[in-house]
J.: 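My questions will all concern the structure given below.
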There are 2 protein chains.
Amino acid sequence: MSTVIFTLRRHPEQDRPAIVLPLVRRTRDPFEGLWALPGGWLDAREGLDATASRTLAETTGLTPSYLEQLYAFGDVDRSPTRVVSIVYWALLRADEVDAQVAAHAADGDAPENVEWFAAAELPELAFDHNTIVDYALWRLRNKVGYSRIAHGLLPDEFTLADLREAYEAILGRRLDPANFRRQVEGSGTLIPTESFRTGSHRPARLYRYNQDVELADRGPLARLVQPAASAESR
Amino acid sequence: MSTVIFTLRRHPEQDRPAIVLPLVRRTRDPFEGLWALPGGWLDAREGLDATASRTLAETTGLTPSYLEQLYAFGDVDRSPTRVVSIVYWALLRADEVDAQVAAHAADGDAPENVEWFAAAELPELAFDHNTIVDYALWRLRNKVGYSRIAHGLLPDEFTLADLREAYEAILGRRLDPANFRRQVEGSGTLIPTESFRTGSHRPARLYRYNQDVELADRGPLARLVQPAASAESR
DNA sequence: ACAAAAGTGTTAGTCATACACCCATGT
DNA sequence: ACATGGGTGTATGACTAACACTTTTGT
């Protein structure tokens, strides 16, 4: 069981955010010393989703805003000892990650052997994890085109530019601000607030996500899959 | 490991084809007597795709024209003894199924405890298999909208009406023949032949699928997943 | 001749894209 | 004042859906 965890990070020198994900350095064979996806072993008394949530919390200390099964990998040659690995992928809100990282830095108890990498510039990973990340990114890119999933990367309140930059980071290309505004406003998923973000140039209106709308349509799986995210009802 | 196997069947009394799938009657607890998806156990020396192909062949005696992993189900309450089941779904060409069924009928060695059911009128199934079939149908419906997957249900040569009826069976609604023709002709996946199917009214041109085009874009998984269908290169 | 499916043409509506333009703010 | 991002307006082309129409066969 492994999880590809995505969030958005704004590099200090750059002005545009990028997709980043946490990796864990392996401390034993096989692939000792290489970076790998965080994961854990399936507990006999635990559902698959619950296991993914748990291992994710153990790595990042956070609850994902979105969690979905990616694929089950089980080729005989993917590891010296053939292992079937069920892989999930998740989105974390950028603000929660920042808060968590800051808290760790203050306490001096940053998790050992965990590091965040830009998804576009990954090193060689253990097992078939490079392929797995590629597939997760592909799924994310596809899904952003027909769902509201990008909101899973943003805080409660955000500007249209924030949202657009999230889309741009995922898709890897610039979007027309004017057209983007109309599309997203017409989708009925945004609730405008009366607040504005000031600081540079003309203030931008802050929006809030309409929690009545699911981030993604999971079809007949929706009633089966109940992530422990009852915290964010509405 | 289970597989949802779809094919198209034209009922004698009806003129339109419908989606059907084979089920196996359980001969032991749990759920003895109920119908269930065909499946088998994972072999230690076998990849997941290979296992799906094998169990599919054991049930139908056929090689699928399309095979894709559906989902890994592993809720603790899905079975008295909690089992993680990796489920695949597959498409079979209608003509191959007909030939196989006819051969069995002639030999009198029709497989025991296997029966084909219309996907729209399933009985109560064992485990969570009703949900699994619903999900497979949902995936099929979605996929038919952005891929050429419906060709996996058809023989080498087919008319546009055949193809349209396959789409209609999957989507559950009628399509405009004129618009359907233009869309599919413009997609570049069809090769017209010089043959026509006669028999009723004006003869219809037969087409052939362009094997250079994949039935569906599998993204970064494409190079990993190599179904043993090298028979149909070109 | 007529019914029915094969196949062509035409039109209206919707949507994505490009881009010109005005608005409001910090410097 | 002016640069810059916020926000509005508008034209164009692509694609979808609806449907009238012609063609070709079997009966």
Side-chain angles (χ1 to χ4, degrees), chain A residues 8 10 13-17 141-148 150 154-155 157-208, chain B residues 8 10 13-17 141-148 150 154-155 157-208:
Chain A
L8 229 42
R10 201 165 226 112
E13 65 270 17
Q14 299 191 326
D15 52 345
R16 312 218 152 264
R141 273 194 302 273
N142 282 335
K143 211 132 199 163
V144 87
Y146 60 87
S147 76
R148 304 297 149 210
L154 296 181
E157 298 201 328
F158 50 86
T159 66
L160 287 176
D162 292 337
L163 183 58
R164 178 168 47 81
E165 285 171 354
Y167 273 79
E168 290 174 345
I170 292 169
L171 295 174
R173 63 187 171 92
R174 306 297 292 275
L175 301 174
D176 184 313
N179 297 328
F180 182 80
R181 162 184 298 272
R182 269 184 296 261
Q183 284 172 17
V184 80
E185 273 181 343
S187 73
T189 57
L190 289 193
I191 301 168
T193 72
E194 291 311 311
S195 319
F196 290 78
R197 176 179 300 165
T198 174
S200 72
H201 313 298
R202 174 171 172 176
R205 183 181 295 274
L206 289 168
Y207 290 80
R208 193 174 276 285
Chain B
L8 229 42
R10 200 166 227 112
E13 65 269 20
Q14 298 192 327
D15 52 346
R16 311 218 153 265
R141 275 194 301 272
N142 282 334
K143 212 133 198 164
V144 87
Y146 60 87
S147 75
R148 306 294 150 216
L154 298 181
E157 297 201 330
F158 50 88
T159 66
L160 287 176
D162 292 337
L163 182 59
R164 179 168 48 80
E165 285 172 353
Y167 273 80
E168 289 174 344
I170 293 170
L171 295 173
R173 63 188 172 90
R174 307 295 293 275
L175 300 175
D176 183 313
N179 296 329
F180 183 79
R181 162 184 297 274
R182 269 183 295 260
Q183 284 172 20
V184 80
E185 274 181 342
S187 73
T189 57
L190 289 193
I191 300 167
T193 71
E194 292 310 312
S195 318
F196 290 81
R197 175 179 301 165
T198 176
S200 73
H201 314 297
R202 173 171 173 177
R205 182 181 294 276
L206 288 169
Y207 290 80
R208 193 174 276 286

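Chain letters run A, B, ... following the sequence lines, proteins first and then strands; every chain starts at 1.
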J.: Answer with base, sugar-phosphate or nothing: what part of the nucleic acid does B/Arg197 contact at a heavy-atom distance below 4.0 Å?
T.: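 Since no nucleic acid heavy atom lies under 4.0 Å of B/Arg197, the category is nothing.
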
J.: Return the value, rounded to whole Å, for the distance between atom CG of A/Asp15 and atom P of D/dT4.
T.: 13 Å

J.: Tell me every residue that passes ring-ring contact (aromatic ring centres under 6.0 Å, His included) with B/Phe158, counting only those two or more places apart in sequence or in another chain.
T.: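 B/Phe158 satisfies ring-ring contact (aromatic ring centres under 6.0 Å, His included) with B/His151 only.
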
J.: Ignoring hydrogens, what is the shortest heavy-atom contact between B/Phe196 and B/Pro203? Give both atom names and the distance.
T.: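 Here B/Phe196 and B/Pro203 meet closest at CB-CB, 3.9 Å.
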
J.: In this structure, how many angstroms lie between the P atom of D/dG6 and the CD atom of A/Glu185, rounded?
T.: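 Nearest whole value for this atom pair: 13 Å.
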
J.: Show every salt bridge (charged side-chain N to carboxylate O under 4.0 Å, His left out) that has at least one partner inside residues 184-197 of chain A, sequence neighbours left out.
T.: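 Qualifying pairs: A/Asp162-A/Arg197, A/Arg181-A/Glu185, A/Glu194-A/Arg205.
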
J.: With sequence neighbours left out, what residues match B/Thr193 under side-chain contact (heavy atoms from CB on, under 4.5 Å)?
T.: B/Glu157, B/Ser195, B/Leu206, B/Arg208

J.: What string of B, S and - do you get for nucleotides 19-27 of chain D, 5' to 3', if B is base contact, S is sugar-phosphate-only contact and - is no contact with any protein heavy atom under 4.0 Å?
T.: B---BBBS-

J.: Please give, in whole Å, the distance from D/dA18 C1' to B/Arg181 CZ?
T.: 17 Å

J.: Rounded off to whole Å, could you give me the CD-to-C1' distance for the B/Gln183 and D/dT16 pair?
T.: 7 Å

J.: So which atom in A/Ala178 and which in A/Asp176 form the shortest heavy-atom distance, rounded to 0.1 Å?
T.: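 That closest heavy-atom pairing would be N-OD1, 2.7 Å.
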
J.: Between A/Arg10 and A/Asp15, is there a donor-acceptor pair closer than 3.5 Å when you use the side chain of the first and the backbone of the second?
T.: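 Yes.
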
J.: Can you pull the contact range of chain A along DNA chain C, 5' to 3', using atoms under 4.0 angstrom from its heavy atoms?
T.: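 In short, chain A contacts DNA chain C from C/dT17 to C/dG26.
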
J.: Please name the pair of heavy atoms, one in A/Val184 and one in A/Thr189, separated by the smallest distance, quoted to 0.1 Å.
T.: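 Answer, listing the atom of A/Val184 first, then A/Thr189: O-OG1, 4.3 Å.
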
J.: Where each residue is assigned the nucleotide of DNA chain C containing its nearest heavy atom, which of B/Ala161 and A/Arg173 is assigned the position nearer the 5′ end?
T.: B/Ala161

J.: Let me check something: any side-chain donor-acceptor pairs from residues 166-173 of chain B under 3.5 Å, sequence neighbours excluded? List them with distances.
T.:
residue, atom, partner, partner atom, Å
B/Glu168, OE2, B/Arg164, NH1, 3.2
B/Glu168, OE2, B/Leu175, N, 2.9

